[in-house]
Structure formats: structure tokens, C-alpha cells
Participant: 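Pasting in a structure now, in C-alpha cells, and then I'll have a few things to ask.
To find a chain, count down the sequence lines: A is the first, B the second, and so on, and within it residues start at 1. Small disclaimer: the values here were computed from a predicted structure and weren't measured.
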Amino acid sequence: MDLPKTFDSKAAEERWFQRWIDLGYFKADPAREGKVFSIVIPPPNVTGQLHLGHALNVSLQDIIVRTRRMQGYNTLWLPGTDHAGIATQNAVEKDLAREGKDRHLLGREPFVKRVWQWRETYGGRILNQLRRLGASCDWSRERFTLDPGLSRAVTKVFVDLYNKGMIYRAKRLINWCPRCETALSDLEVDHKDVKGHLWYIRYPFADGHGGVTIATTRPETMLGDTAVAVNPDDARLSSYVGKTIRLPLIGREIKIIADAAIDREFGTGALKVTPGHDPVDFELGSRHGLEQISVLDGKARMNENAGPYRGLAREEARKQIVKDLDSAGLLEKIEPHSHAVGVCSRCDTIVEPMLSEQWFLRMKEMAARAIEAVRRGDTTFHPKFWENTFFNWLENIHDWCISRQLWWGHRIPAYRCVRCDHLIVAAERPARCPECDGSDIIQDDDVLDTWFSSGLWPISTLGWPDDTPELRRYYPTSLLLTGFDIIFFWVARMMMFGLEFTGKVPFKDVYITPLVRDELGKKMTKSKGNVVDPLDLMEQYGADAVRFTLAQLAAQGRDVILSHDRFAASRAFANKIWNAARFVMMNLDGADQPLAIVEIAKLGLAERWILSRLDSTIREVTRAIDAYEFNLAAMRLYQFIWHEFCDWYIELSKEPLKSGGERQAAARWVLINVFDKMLRLLHPFMPFVSEEIWQVIRVYLDEPNLAAHLPIAKYPEASATNPLSAAEETAMNHCIVATQGLNSLRSLLGLHPGQAINGFVRPLPYRDVEFNYESDGTKQKLGIRFPEKPAVADSRLIAADVADFRTDFDRWKPYAVTMAKAETLTMLEPDQSKPPRTAGWVQGLIEILVKAPEDFDFQIATKALEKKLSELQAHYERDLKRVSDPEFQAKAPQEKREEIEQRVALTRGEIMSVQLQLSLLEGAESHGH
RNA sequence: GGGCGGUUAGCUCAGUGGUAGAGCAUCGGCCUUACAAGCCGAGGGUCGCAGGUUCGAAACCUGCACCGCCCACCA
């Protein structure tokens, strides 16, 4: 089998994705038996472009979806898009503007038609980009929030909530964007700090004398003032309460009122009250029954209530009014003042608090039920701390303004009889007015906030309000995976709607993804020009590498900071796997298809060892995915594949592969089987490279009902019993550590890697077994000759030989280095019966030193050893002190005491070893120079 | 004003009570027929600061600093 030297990611991506879809692997069948795993995609804006947030989101969803599918779950991942009312409408308006038109010129019908056209053009784009990432959605179930079925759900919800009295119409002070010319919800308003001014303006009493000075950041709204308020406890001003003021410039007479909410410290302590243009004043005005006067129109120009200023834009009016007040001698001073202004989150225009009649949804009760459901644990957030954020918002929730003065969206199912003005809320347009029987009935012009329909996404996409098989089978969904920026907009609303209309939470788990930032840790925005395009990344590194990198970076509770190095490393990883595959295939020439299964008992130590490492990897990866710890799963895979399988097992397999016979058969079988399981584990992370390789090796697999492709192959499970005994594990770890120790020694001594070193290491628990080591540099690890069967351990233990090495390899490793060296040393002690070959080891070392090259730097080597020695001594002393501390002996748990006592012995051995090495260096220096 | 998250090697991040870790980057040595997108080594950290709890703290508690984010009607 000929495989090219480097992995061609693009070819693999093109080869497999369409194939998987054509074969229907991603299709969900509600009729199928089995446990269910279901998830609905956070629908991207229909006209959106893929950004890294999507890429992260989709990669993580795909990892878990593919895993569950392979684990045999009845899996549904439902894709789709959101009509994204205001965002899309703005985009099309911008497009129109380029042609010198605007939507009003076009008219409502043609404009909406144009948006649909736009959707036809760009609507498929983002989903195609998700497919490029490998998203294994059931693409046959694609939904759009304006689909007829989903619209029907929206209408029903509106009508039901209206009939329950939860949706109502009211004239309130709402957020108004003068550019978009629509109402906005509180969430759609961003707050920005601006450096403004505080204008101090004297409002004279009605008799023309004296007056009260107020401080304001918005002088132009004074035209709508209907009172001046002071704190009743304010000694300076309370005597004025009840007096009348003549409002400058327009001459309206207003009263001075008292209200405890007034901050005496701010400004002059007197507040101009503008109920028509300020939320605080609106509240205050309602308490005192003040008139509400609006002085601005929908485009934020002064209206007919603004007298001489009518027609001016609000900024113009402000300048003019300040100027006029100054001429009138009423402007007392101007102070610089920073404060926050609300801006439209879509277009950044300063939002105007405006009096307006809108539709509202009462939230308190629904919010309370959502809180209760999360408290009960029906839904759990990951990471958990997001629950606080969720509670916090819901506990302080205000009614939701759901109507928008837009054209793109779900038109509100409310109708009005032209003749008698009767309001009818109904799913269908009524033919006649039930009050006056009039037939002239018009529908409300407004559409719903786009989040109203996305809030229904988990139920509407499954067919609600009908009782569909999908709804019954897949609802509640298993998981929602989304960004924190839409917890309020979307997650909370889905919770509330789901509970309200099905009595059940819409998802059991919510995984909140972190924010993706650029390499400098900055948020990516178009205006900063630091947006990294995932399509470029895929082009450069391949979809697998992009997915794997995002998974690695997605630690819970942290922002994802991009790093090109990481993408490059993942691409190298894909290539590494590819080359491992080439090695395996090269060595399977002429092998049976499928390979005959080899019993575990007939495998060598290295074979059993890699199988054992594989089991540990399977367990850890599975556990991490279950816990949504994608980064840990990815890291473990990387560690196993590269450092355990490639670095060790492949190297160790070379000799048996050449040997022919049973050992060759065993090595072949292990190579294929480990590779197979490894690819299955890897597949959810790197679907393309894994499939590309698996297709080549699958002919060797002997599995009943073997899947044709990886997406539906069975997910690996760890063996019930460890293929490696504790003793064998110890032996193998000794080999690894001995090899590393001697490689390090050679490097330290400045020897050429090709320089042969002969030596042996005897693992202490196996005193009658030795591992001969002959490294000639060209096959560094190959020289280890493993005993066919490790002999039973000798029970005699020397001082350094007390550690129980049945612990995790990584923790164990440093001790083993010590072991290898300590062995050497103990042999020098007089009371030991001295095994002859230990002296040989030392002898070998001396010979090497004698043969050291002319330019060998003894000073550097000595320095390094001395440093190491002092570190060891520090550790030794610390541990020794600890061990001899009576309190430690009294209070520390026994296992800890033992552990540290063992460490003391080991460190002591290692110290002696380093001392020996140092003395050898000294000797060699005087000898050789 | 309230709340949340973060601070560990040059960079990006693991590490929830027992000798500080990985990847990348750096340095040294290797073209060794799976892989130079590679292999073998090495250097590099008073774990943000100050207290406390503990036999023992990067980890647990308190306070502080700095970075980032969210919420909020001081005109």
C-alpha cells in the first residue's frame, strides 16, 4: 500500500464528508431503539459568515455528537439558521443604500421580497462553512426560524400568552433606535462611557425672579420637563417645594415637587423631571402623576412640542438651546462629566428613551420557574458558575418589549377593526370584527423580536405544537452548547418558553463556550481588523487541525486565545498520525486480511504495555468528554498517540516486525488493533484524517459486523482486565526510564548519537532479570532486549528499592531514573554481595569518558551535575526534616509518611549517584587531558 | 455601584493538600528508509502580593493589586 509522505487534508475532506451524508450516517430516526442524545444547533444568522465562535461551537458539538453516535446512542443534531430580524434587515438596507435606495422607497412587500432573495443568495453559505468543518448534523432536518412550521409555533405562543394575559400592549418608555427606527429590548442596548458635560441651568420662578438651578447632561430634553424635583430632606431646597417655575425658552409652568429618590449630593440637588425621555423621570413622573411630553420624533429630531426648535436633530437642538440659555443669562456653568449612554447594539447609534405603545411579555412568573428548574438540577450549567449569572439576570428581570418596527420577521398576529378599533389577537386573520361585524380589518404592522422565535427553537424545530415522534423522542434535548453572550437573549428565553409550553426544561446540560480572542488576547471585532477567518485557517492547516486546536484550547472557564503555533502543532500531529499509518502499512505487507487474533497471553511485554496504555487513554478520554473537558480529552489523545504509541511502541515493534514468526504476528496484530481503537477515539476530534487512514487499515480488522466507515463504527471500550500486570508495568517503566537516563547521559557527555554505549539496567524488583542496553545511536531504543517472561520479583529489597511503582507512569518516572542510578551505587557499598556486572556498568561509563572527544566540555558537564546535586540535597534535607518531625509522624496519614520515607531513600541514592558521576568526570578530566 | 472570571516557564495553557507539568518557542546534537510538519537531549518558574488554616499550600480561607467580562435608571 502506497501512501504519500504527507497528509493531504483537503483531499480527505472532500473525499469523505459528502460520502457520509449520502450514506445517511447522520440521519436521526426517532423510531430507532436506544438511548437518546439530542442537540439543536445554535442557529447562526442566516446571512452570517462563519467566524471562530461558530467554529469553536460547532467543533465541540461535533465532538460530542460523533462520540455519542459511535457509542450507539440514537443521536440527533438538528441544524438551521435564524432570520435574525434586525441584523439581516440592516444588512439588506446597507445593500440598498449602495444602490442609492432605501426600504421606504421600495415599500414593505418588495423589501421583504428582497430580503428573501438575499437569504436565497447567502442563506446557504454559513451552513456550507459548517459542513466544511465536518459538522455531522442531520442535514435533512435543516430548519429556518421563518419556516411555516416554526412560524406556526410562534403564532400559537403569542396567541396563547395573550390569552393568558401574559402578553399585553402598553404605552411605556422604551429604548428607541432612531437609525433603525424601532423599539429595542433592554438587552439590545449597549452602554458606553462618554465624556460629556454637565450643564447648570437656572430655572426662574414663575414670577420671573430667582429660581432653582438644575444640572443636566441633556439640556435639549428640558423642553419636555414637567417638574423639578428635590429631596424633601434637603434643607437648602425643601422650602421651594410647591412653588412654580417657568420653564425657560418655551415658558411652560411646572411645579417643584419633593421625592426621596433625589440624590442631594449630585449637581445642585435639584432634578429636572422629563418623564417622556428618561426612565428615572418616567418612574418619578408616574408616582407624582406628571404629564409625559415627548419632544422627539422617530428619527430623534425635535417634534411639534419643541416649539421653535422643531425639526432640529437632537444634537443641533442641544447646541442651539445651550446657546439660547446662555444669551438669556440662565446658563450658570458647564462642567466636564463622564457618563454612560445607551447605544444600539446593532448600529451603535445613541438610543433614545421614548414614550411608545408596544407589546410586552410579562416575565416574572416564567423567570421564577426557570430559576426553580435550574436550582432543582433539571438543567445544569457547565461551568457551573454561569448559573449565578443566569439567576442574577432572571431575578431582576423586567417585562420584555417584544414588538419591533421592522419588516423582516414574524408579523404580530394582532388585528384591528378599522371601523370600531377593536383589537383581535388570533392565529388567523379574522374575516369580520366580532364587535361590529366590520370587514375592514388590518394587521398590526410590527414584527416580533427575533429572539422570540429563537426562544422556541428546541420545541419548534421538533414539530411543536404538534405531538410529533421527534418531539416525543428527542425532547428535552441532552445538551445546549453555546456562547455566554447569549445566555440572556437565548438560553434564558428557551428555558422559560420550554417550561411554559411543555412543562419540561428544553435541555439537561448547558455548556457555555468561552470567548475566542486573538493572539494578543483582544476580542475579535471587524473594526479592529483582527478577525481571524476560520476558513483561512482550514485552508492553511486543514479542518482536522482547526478542530483539534479549538478543542485543546477550550478549557472551561477561560477565554480561548488563539495561537498560530497551536494550529501548526495540530497539523503536525495529523501528519504524525499519517506517517504512523505509513509505517504500519509498510509492515503489513503480505499479512492476512483480516489478521488472525493473537491471544493476550502470547504477547510480549511491550505489546501488553501499549494495550494497557490504550485502555487508560480510552478511560480518560471518555471520562473527559462526559465531563465536557474537551481540552483534557484532546491532550490525552495527543500524549498517547505521539508519545506512547509512536515514540515507544512503534520503535519497540521494529525488531519483532523484522523477526518473522510469532513475534511478528503479535506485533502486527497489536499495531493494527491499537491503531484501530486510537482512530476511533480520535475520530470525533479529527474526523477526516482518522477516516482516511481507517479505510486503509480496516481490511485487517476481524470484527463481526464491522462498520463501513468510522462515523458509525463502535466506540472503543477499555478492557475489563488490565493486559499488563503491575509487575510488568514496573518492568516496562524501568526500560523506558533506563533508556532515557542513558540517552541523557550520552548527550551530557557530548557523545555522538551514533556512539555505541553498552550497559545494562537491572530493575530492582526483578533482581534476576536484566535489561541489556546497547544503544548505537541509530536505533536508540531498539537495543533493549526484553526478557520473554519477567521473572518473579526477589523479595530482598535494598534501601532504594521501596517504592511501589504501580502508580501513574508520569509521576513515577523521575523516581525510576533514581532507581537506575541508585542500583549502581548500592553495589559499591561494602556489605552488599556485589553482583559482578554492576562493576561493568561503572566500567563502561569510565571507558566512555576516556574516549570522550577532545572538545568535550567537562566544566559544563560538571556544572550541570553540581546544580542537580544541590537541588537534590535541598529536597533531601526538606524531606528528611519532614520525616523526623514528630508532628508529621503524628498527623500525616500513613500512606503519605511511607511515600515520603521512600522518597528520602531514593533521593539519598540519587545524590550518591550524582556524586559518583561527578567524581568520574573529575577522574576522566585528569586522565584524558 | 453590584457580580463573575483570570493571574503558574518567553507564549498558550494543564495541575483542587505531599519533590512545580505539557505543547509551542529557545539552545545543543542528529538527514536514524514511518515522519526534518521528524528524532535524541538541555536550559528556563520565589505558581500576582500580604496574611491565615495545616505536620505540609500553586491548590483551602481573608484581604489587596492588576487584567478581562457581565449587570446597573446617579440626572
Side-chain angles (χ1 to χ4, degrees), chain A residues 3 5-7 191 198 214-218 229 261-263 265-267 270-274 278-284 337 339-340 353 383 385-386 388-389 392-393 396 484-485 487-488 514-515 517 519 521 523 552-553 555 557-566 568-569 571-587 631-632 635 638-639 646-647 650-651 654 740 743-748 750-754 776-781 810 814-815 864 871-872 874-876 878-879 882 885-893 895-897 899-900 903 907:
Chain A
L3 297 176
K5 232 178 162 179
T6 51
F7 170 58
H191 295 275
L198 205 52
I214 55 91
T216 180
T217 56
R218 299 203 57 194
I262 306 304
D263 180 356
E265 306 302 316
F266 191 90
L271 170 73
K272 73 191 252 316
V273 184
T274 323
D278 185 285
V280 182
D281 297 6
F282 181 84
E283 286 298 317
L284 211 150
H337 180 70
H339 59 119
F385 61 74
W386 286 113
N388 288 330
T389 310
N392 230 309
W393 185 70
N396 300 303
F484 67 84
D485 50 333
I487 289 180
F488 307 144
L515 191 70
R517 298 172 175 279
E519 300 204 45
K523 195 169 170 173
Q552 268 186 311
L553 294 175
R558 259 196 201 251
D559 290 345
V560 170
I561 298 189
L562 283 190
S563 150
H564 271 274
D565 287 343
R566 293 301 280 255
R571 182 185 52 190
F573 181 47
N575 198 51
K576 183 77 180 175
I577 300 163
W578 180 253
N579 277 291
R582 292 180 62 223
F583 172 83
V584 171
M585 294 314 293
M586 260 174 215
N587 283 287
N631 60 323
L632 299 183
M635 284 169 174
Y638 184 95
Q639 168 72 18
C646 293
D647 282 358
I650 284 193
E651 293 304 321
K654 285 177 178 174
Q740 289 176 337
N743 278 347
S744 169
L745 188 62
R746 184 193 3 244
S747 193
L748 177 71
L751 299 176
H752 189 277
D776 65 0
T778 56
K779 34 180 185 173
Q780 284 126 347
K781 293 165 189 168
D810 290 329
Y815 305 143
E871 277 173 10
L872 283 170
H875 285 159
Y876 180 70
R878 186 169 56 191
D879 278 345
R882 196 183 284 174
D885 179 2
E887 276 197 282
F888 173 77
Q889 285 174 7
K891 292 179 183 166
E895 53 187 79
K896 289 296 173 193
R897 286 202 316 269
E899 182 187 322
I900 291 169
R903 206 161 64 205
T907 312

Participant: Can you measure A:K891 atom NZ to B:U53 atom P for me and round it to whole angstrom units?
Facilitator: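 The distance from NZ of A:K891 to P of B:U53 comes to 12 Å, rounded to the nearest Å.
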Participant: Work out how far the P atom of B:G15 is from that of B:A9, and round it to whole angstrom.
Facilitator: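 Comparing P positions in B:G15 and B:A9 gives a spacing of 15 Å.
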Participant: Which one, B:A34, B:A37, B:C13, comes nearest to the side chain of A:A572?
Facilitator: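 Of the options given, the side chain of A:A572 lies nearest B:A37.
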Participant: What's the closest nucleotide to the A:D263 side chain, out of B:A37, B:A75, B:C35?
Facilitator: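 In terms of side-chain proximity for A:D263, the closest of B:A37, B:A75, B:C35 is B:A75.
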Participant: Nearest to the side chain of A:F488, which nucleotide is it out of B:A75, B:C71, B:C55?
Facilitator: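 Ranking B:A75, B:C71, B:C55 by closest atom to the A:F488 side chain puts B:C71 first.
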Participant: Compare every heavy atom of A:L284 with every heavy atom of A:I262, then report the nearest pair and how far apart it is.
Facilitator: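 Nearest heavy atoms, A:I262 then A:L284: CD1-CD1, 3.9 Å.
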Participant: Considering only atom C1', compute the distance from B:G2 to B:A22 and round it to an integer number of Å.
Facilitator: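 About 38 Å, rounded to a whole number of Å.
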Participant: RNA chain B: A:F7 or A:L271, which has the more 5' nearest nucleotide?
Facilitator: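 Looking at RNA chain B, the more 5' nearest nucleotide goes with A:F7.
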Participant: Which nucleotide wins on minimum distance to the side chain of A:N579, given the candidates B:A20, B:C35, B:C73?
Facilitator: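 Minimum distance to the A:N579 side chain belongs to B:C35.
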Participant: For B:A50 versus B:G17, give the span between their P atoms, rounded off to a whole number of Å.
Facilitator: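 My reading of the P atoms in B:A50 and B:G17 gives 24 Å.
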Participant: Rounded to the nearest angstrom, tell me the gap between atom CD1 in A:I900 and atom P in B:G56.
Facilitator: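 Result: 12 Å.
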Participant: Under 3.5 Å for both donor-acceptor distances, Watson-Crick or wobble: does B:A75 have a partner, and if so which one?
Facilitator: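 Pairing partner: none.
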Participant: For the residue pair A:Q889 and A:R897, what are the closest heavy atoms and their distance?
Facilitator: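 Distance-wise, the nearest heavy atoms are O-NH1, 3.3 Å.
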Participant: Do you know the tightest heavy-atom contact between A:D281 and A:K272?
Facilitator: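 Answer, listing the atom of A:D281 first, then A:K272: OD2-O, 3.2 Å.
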Participant: When we call it a touch if two heavy atoms are under 4.0 Å apart, what does A:L632 touch: a base, just sugar-phosphate, or nothing?
Facilitator: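 Answer is sugar-phosphate: A:L632 comes under 4.0 Å of backbone atoms only.
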Participant: Compare every heavy atom of A:H337 with every heavy atom of A:T217, then report the nearest pair and how far apart it is.
Facilitator: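 Heavy atoms only, the tightest pair is CG2-CD2, 3.6 Å.
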Participant: Can you check the A:F385 CZ to B:G5 P distance for me, whole Å?
Facilitator: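 After rounding, the reported distance stands at 6 Å.
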Participant: So, is A:K5 close to the B:G38 phosphate, meaning a side-chain N or O under 4.0 Å from OP1 or OP2?
Facilitator: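 So the side chain of A:K5 is outside the cut-off, no N or O lying under 4.0 Å from OP1 or OP2 of B:G38.
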Participant: Taking only the side-chain heavy atoms of A:R566 (C-beta and beyond), determine which of B:A34, B:G23, B:C55 contains the nearest atom.
Facilitator: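 Among the listed nucleotides, the one closest to the side chain of A:R566 is B:G23.
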Participant: Any idea which of B:G23, B:C35, B:C55 is nearest the A:Y638 side chain?
Facilitator: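 Selected nucleotide: B:G23.
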Participant: Does B:U33 have OP1 or OP2 under 4.0 Å away from a side-chain N or O of A:K654?
Facilitator: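 False: A:K654 side-chain N/O out of range (4.0 Å or more) of B:U33 OP1/OP2.
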Participant: Ignoring hydrogens, what is the shortest heavy-atom contact between A:R218 and A:P353? Give both atom names and the distance.
Facilitator: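 Closest heavy-atom pair between A:R218 and A:P353: NH1-CD, 4.2 Å.
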Participant: With RNA chain B as reference, determine whether A:N388 or A:F888 sits nearer its 5' end, using the nearest nucleotide of each.
Facilitator: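 This one resolves to A:N388.
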Participant: Would you indicate which nucleotide in B:A37, B:C71, B:A34 comes nearest to any side-chain atom of A:N575?
Facilitator: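 Nearest to the side-chain atoms of A:N575, counting from C-beta on, is B:A37.
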Participant: For B:U53 and B:U62, measure between their C1' atoms and round to the nearest Å.
Facilitator: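 Approximately 11 Å lies between the C1' atom of B:U53 and that of B:U62.
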Participant: Select one nucleotide: of B:A75, B:C55, B:C73, the one nearest the side-chain heavy atoms of A:T217.
Facilitator: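 Nearest nucleotide to the side chain: B:A75.
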Participant: Restricting to non-hydrogen atoms, name the atom on A:A215 and the atom on A:G267 that form the minimum distance, rounded to 0.1 Å.
Facilitator: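 Result for this residue pair: CB-CA, 4.0 Å.
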Participant: With rounding to the closest Å, how many angstrom separate the C1' atoms on B:A57 and B:G41?
Facilitator: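 Comparing C1' positions in B:A57 and B:G41 gives a spacing of 33 Å.
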Participant: Using whole Å, report how far CZ of A:R218 lies from P of B:C74.
Facilitator: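 One finds 15 Å between P of B:C74 and CZ of A:R218, rounded.
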Participant: Just name whichever nucleotide pairs with B:U54, Watson-Crick or G-U, keeping both distances under 3.5 Å, else none.
Facilitator: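 Across any shown strand, B:U54 pairs with none.
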Participant: To the nearest angstrom, how far is A:N396 atom CG from B:C73 atom P?
Facilitator: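 The answer, rounded to whole Å, is 10 Å.
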Participant: Using the C1' atom as the point on both nucleotides, what is the distance between B:G5 and B:C39, in whole Å?
Facilitator: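 These two C1' atoms come out 41 Å apart once rounded.
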Participant: Mind checking who B:C35 pairs with, Watson-Crick or G-U wobble, both distances under 3.5 Å?
Facilitator: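 Partner of B:C35: none found under 3.5 Å.
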Participant: Could you state the CZ-P distance from A:F583 to B:U32, rounded to the nearest angstrom?
Facilitator: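 That distance rounds to 17 Å.
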Participant: From C-beta outward on A:R571, which listed nucleotide comes closest to its side chain: B:G23, B:A34, B:A37?
Facilitator: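 Of all the options, the side chain of A:R571 is nearest to B:A37.
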Participant: Looking at B:U12, which nucleotide sits across from it as a Watson-Crick or G-U wobble partner, both distances under 3.5 angstrom, or is there none?
Facilitator: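 Here B:U12 is engaged in a pair, and the nucleotide opposite it is B:A22.
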Participant: What is the base-pairing partner of B:G68, counting Watson-Crick and G-U wobble geometry with both distances under 3.5 Å?
Facilitator: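 Partner of B:G68: B:C4.
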Participant: Are the side chains of A:L198 and A:F266 in contact, using a 4.5 Å heavy-atom criterion?
Facilitator: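 When only atoms from C-beta onward are counted, A:L198 and A:F266 do touch, with a gap below 4.5 Å.
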Participant: Does any nucleotide pair with B:G41 by Watson-Crick or G-U wobble geometry, both distances under 3.5 Å, and what is it?
Facilitator: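 For B:G41, the partner nucleotide comes out as B:C27, under the 3.5 Å rule.
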Participant: For B:C31 and B:U26, measure between their C1' atoms and round to the nearest Å.
Facilitator: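 Per the computed distance, 22 Å lies between those C1' atoms.
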Participant: Distance check needed: B:C40 P versus A:D647 CG, whole Å only.
Facilitator: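 Atom-to-atom, A:D647 to B:C40, this comes out as 5 Å.
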Participant: Rounded to whole angstrom, note down the C1' distance from B:A14 over to B:A20.
Facilitator: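 Looking at atom C1' only, B:A14 and B:A20 are 12 Å apart.
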Participant: Provide the Watson-Crick or G-U wobble partner of B:G63, both distances under 3.5 Å; none if there is no partner.
Facilitator: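 Answer to the pairing question: B:C49, which forms a Watson-Crick or G-U pair with B:G63.
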Participant: Side chain of A:R878, heavy atoms from C-beta onward: which of B:U19, B:A75, B:C39 has the nearest atom to it?
Facilitator: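 Selected nucleotide: B:U19.
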Participant: Compare side-chain N and O positions of A:H337 against OP1 and OP2 of B:A75 and report whether any pair is under 4.0 Å apart.
Facilitator: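 Yes, because at least one side-chain N or O of A:H337 sits under 4.0 Å from OP1 or OP2 of B:A75.
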Participant: Hey, does A:W386 have a side-chain heavy atom less than 4.5 Å from the side chain of A:I487?
Facilitator: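 Answer yes - side chains close enough.
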Participant: How many Å lie between CG on A:L553 and C1' on B:C13, as a whole number?
Facilitator: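 So the two atoms are 8 Å apart, to the nearest Å.
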